[in-house]
Amino acid sequence: MCYRNIILITILILLLAAPLFSSKKVEDFVLEDIDGNSVRLYDVLQETPVLLGFWASWCSPCMNELPVLHEIQTKFDTLLTVLCVNIDNPRSIPQAKSLVKSKRVSFITLFDTNSEVSKKFNIRSIPKTFIINQDAEIIYEHTGYRRGDEKELEKIILEMTSKKESLPNRKEEKALKDTLKIIPKVDSEVDITDDSK
Amino acid sequence: MRKSIILIVFIGVASNLLSQDFFNISGVNEIYYAYRSAEDSLKNFFSDEFGFRVTYNNLSLGGKYLAHLPKYDKFSSVEELSPQMISTKWDERYIEYRADGFSLLGGTFEEAFGNGIVLRAYKDKDFEVDTRLDGFSLNALYKRTQMKALYGAIPSEQDPSKNETVAGLDVTLDIIAPLRLGASMASLRNFNPVDNTYTHQDIFGGRIYVNRDRLDLTSEYGYTKEYHGKSREGNAIYAHLNTYFDKITISAAYKRYKDFNTRMNDLPTVNHSMEPLSDRVPPGKDEEGLMGEIRIIPDFSREFVINYSEAWNNDFSLQLSDIFCEMRYNFETFSLTGGYSAVEKLDKDWQIWEKEITPSLAVDFGYRDIPIMLRIEYQYFQEEHSKNKTSHYEPLLQIDISKNDLALSIIAEYSYQNLDDLFDNHVWLGAQLSLYRIHNTELHLFVGEEKGGKVCRNGICRYQSPFKGVRIEIANNF
């Protein structure tokens, strides 16, 4: 009886204490993009922070939000990656593809046909937007889209990116390294030319 | 003393382990209270849905627990309900292992093969569909090949005490860059309540995807054979083509289903309104249809779309036509959306003809940093049942206003047959106040009456059952 009580108390304490040790990181996921390529969240986060949006083709506010997300992706270019997760049912995917491709959007569209990712993010209503930093932590979330919501989104992204301003982000860092790799070659060419002279 | 030390050491070790690796607990708790203003005596309904997911490195376990006091079922008679009748159940439970390109799940799961023609196990709370399976599901991705396998059980629709089983396998292969091929098979064991036996049904499917910059093609063929005395065969063809020109997108789709109605599939409707050909004949029994769409997008601020579809059965006794047009203009300070939809259905055998026309206009603008949305709809219904013609109008006016995390939406709906009874009819008037982001909490308070269907309030869309009374919903994410 005594041991049973200890086990029960232990389980109870562990259950109560578990959230304290629980990571604030979002769980990783892999979804297919519009071309059928697999996109992994953590791979994208290696490069830039992520704006994660959930939408469906039957949702009218989502249609108003898509151009805004396109603008954000264009504006923040290499500083942020916008991933838009479509939660239409599998039979509506061709219509959703047509919608996205005809709009020539700059963001990445992913398809969550089995609701795996929307369950992980506890999506109850759409559109739903999250901003995830490079430590995989949600720093902002918003439900719905109303005219002017983009101002707050941009403010949060600017705050997040300005914090990292002193440090080049991983994508820029890579670009910088690539440039540095090229420079010695140019120098060597110059040297050769100099020798020939 | 010894026990306390063991306990402390155990907690210490456990917490250390948890803090060093990826450990995450997330979930949502939804509290729902409704006071239904109904003629019966039972007016108060309370429910709680608690869903959680615990992840430790590659291993996750989760579930959803439902409690209803009492469970509201719009199909059951009021006499069967009592305020003390509490019903509790596990809606889902699962354990899942995920590694690079591999996942194995045991428990309740959703799954779809291709476009859902061969198999789709899912839950749609709004449409009261639940074909999720209890069993095992395996997903593997190796280079350009994706494989899904599953085995599960589902209670029979006719007799929930009997289980039906499903086994399935699906493979998708990337052949060369624009071309992908897929093949699926499912084996169903269905319960037959007439002679208390099980029947066996096999379904096979093959599909092609072509993805180019200027073209998308999805095409799927399905074949089924059911063994029960005299075997029954059926087939399904579905194709959808999108072609992209500079500012114009042209789409076309085709369907033909013959004796392909199974419980475990979700067939494309091939029309914009997602309407089935008939409400009395199961989808997939006997239908054929076409859909065409032109979408013109000169730039991001303007968009025009026109969609037309038709469907019929073999002897044309069932017919459906659906036309949808929409124009969107996004200006600097406001946006304008005008739409027109007309759905027409004919059932010659039952002598029913129905037509629903819906013109709509929505204006979105900001006034002193307060976003305001105004929407007007003017639905017109025409029906003919055995040469008895009726018609009525259903206008709708909606206004949504929000300030910071507070949003208010008011919808007024009205119904009248002609101008003489314009002021004698019923008005559905409902208001919803929503509050967001108080410690990951959403609160919605609804007061009034609504007709139901797809309702978009304060920029959020959901399907809603007809309702009259007061409703409070509190959802807390953790």
Side-chain angles (χ1 to χ4, degrees), chain A residues 2 6 9-10 13-14 17-28 30 34-36 38 56 58-65 67 70-71 89-95 97-99 101-104 113-116 119-122 124-127 141-149, chain B residues 3 7 10-11 14-15 18-19 22-28 30 51 53 55 110-112 114-116 120 122 141 174 180 209 211 216 218 240 242 244 249 251 253 266-269 293 295 297 300 328 330 335 364-366 369 371 373 402 436 442 454 456 458-462 475 477-478:
Chain A
C2 191
I6 289 172
I9 292 165
T10 311
I13 291 171
L14 277 174
L20 296 173
F21 306 110
S22 168
S23 163
K24 286 181 177 65
K25 278 185 175 183
V26 294
E27 216 179 307
D28 194 14
V30 182
I34 207 154
D35 298 315
S38 297
W58 49 265
C59 157
S60 176
C62 303
M63 293 303 107
N64 292 334
E65 195 191 28
H70 164 81
E71 286 295 325
N89 55 45
R91 60 185 157 101
S92 303
I93 296 301
Q95 285 97 311
K97 272 187 183 178
S98 145
L99 215 143
K101 275 178 95 168
S102 57
K103 284 179 189 281
R104 297 179 293 278
T113 48
N114 285 343
S115 319
E116 272 174 48
K119 264 187 192 170
K120 280 181 188 174
F121 283 82
N122 300 314
R124 296 172 60 252
S125 37
I126 51 169
E141 65 177 273
H142 182 77
T143 312
Y145 173 74
R146 293 172 293 260
R147 177 170 278 273
D149 280 352
Chain B
K3 285 167 196 164
L7 186 68
F10 182 70
I11 293 172
S15 59
L18 299 179
S19 59
F22 183 86
F23 176 67
N24 182 279
I25 297 179
S26 66
V28 63
E30 294 175 55
R53 183 178 168 92
T55 304
E110 294 188 14
E111 190 56 272
N115 297 296
R120 186 179 176 214
Y122 70 109
L141 179 69
D174 282 17
R180 297 179 89 199
Y209 301 106
N211 256 326
D216 287 336
T218 303
H240 191 117
N242 298 319
Y244 307 95
T249 301
S251 304
D266 184 29
L267 299 167
T269 52
E293 185 180 275
R295 187 180 294 272
I297 307 182
F300 250 110
R328 274 174 193 269
N330 274 310
S335 69
D364 223 323
F365 61 99
D369 279 348
M373 197 281 292
S402 65
Y436 302 99
E442 274 180 32
K454 193 185 90 176
C456 293
N458 299 313
I460 301 164
C461 295
R462 291 173 85 179
N477 286 319
F478 58 93

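Just so we're on the same page: letters track the sequence lines, and every chain starts at 1.
For B/Leu141, the part lying near chain A is the side chain, with the backbone staying farther off; criterion is any non-hydrogen pair under 4.5 Å. Interface residue B/Thr218: only side-chain heavy atoms are found under 4.5 Å from chain A. Contacts between B/Tyr244 and chain A at a heavy-atom distance below 4.5 Å involve the side chain alone, from C-beta outward. When heavy atoms are compared at a cutoff of 4.5 Å, A/Lys120 approaches chain B by way of both its backbone and its side chain. Only the side chain of B/Asn242 comes within less than 4.5 Å of a heavy atom in chain A; its backbone stays farther off. Proximity to chain A is limited to the backbone of B/Phe365, based on heavy atoms less than 4.5 angstrom apart. Of the two parts of A/Asp28, neither the backbone nor the side chain holds a non-hydrogen atom closer than 4.5 Å to a non-hydrogen atom of chain B. With a 4.5 Å cut-off on non-hydrogen atoms, A/Asn64 touches chain B through its backbone and its side chain both.
Separating the CG atom in B/Asn477 from the CZ atom in A/Arg124 is a distance of 7.5 Å, to the nearest 0.5 Å. Atom CD of B/Glu293 and atom CG of A/Leu99 lie 8.0 Å apart (nearest 0.5 Å).
Within the 4.5 Å cutoff, side-chain heavy atoms of B/Tyr122 are placed close to those of B/Asp266. A 4.5 Å side-chain heavy-atom check between A/Ile93 and B/His240 finds every atom pair outside the cut-off. Residues B/Glu442 and A/Ser125 have side chains in contact (heavy-atom distance under 4.5 Å, counting atoms from C-beta outward). Within the 4.5 Å cutoff, no side-chain heavy atoms of A/Trp58 are placed close to those of A/Asn89.
Between chain A and the options B/Ala253, B/Gly116, B/Ala112, the largest number of non-hydrogen pairs under 4.5 Å is found for B/Ala112. Between chain B and the options A/Ser115, A/Ser92, A/Pro94, the largest number of non-hydrogen pairs under 4.5 Å is found for A/Pro94. Top candidate by heavy-atom pairs under 4.5 Å with chain B, chosen from A/Glu71, A/Arg104, A/Glu65, is A/Arg104.
Between B/Asp216 and A/Lys97 the shortest heavy-atom distance is OD2-CB, 3.9 Å.
Applying the ring pair (Phe, Tyr, Trp, His ring centres under 6.0 Å) rule to A/Phe121 yields the partners A/Phe54, A/Phe130; only residues at least two apart in sequence or on another chain are considered.
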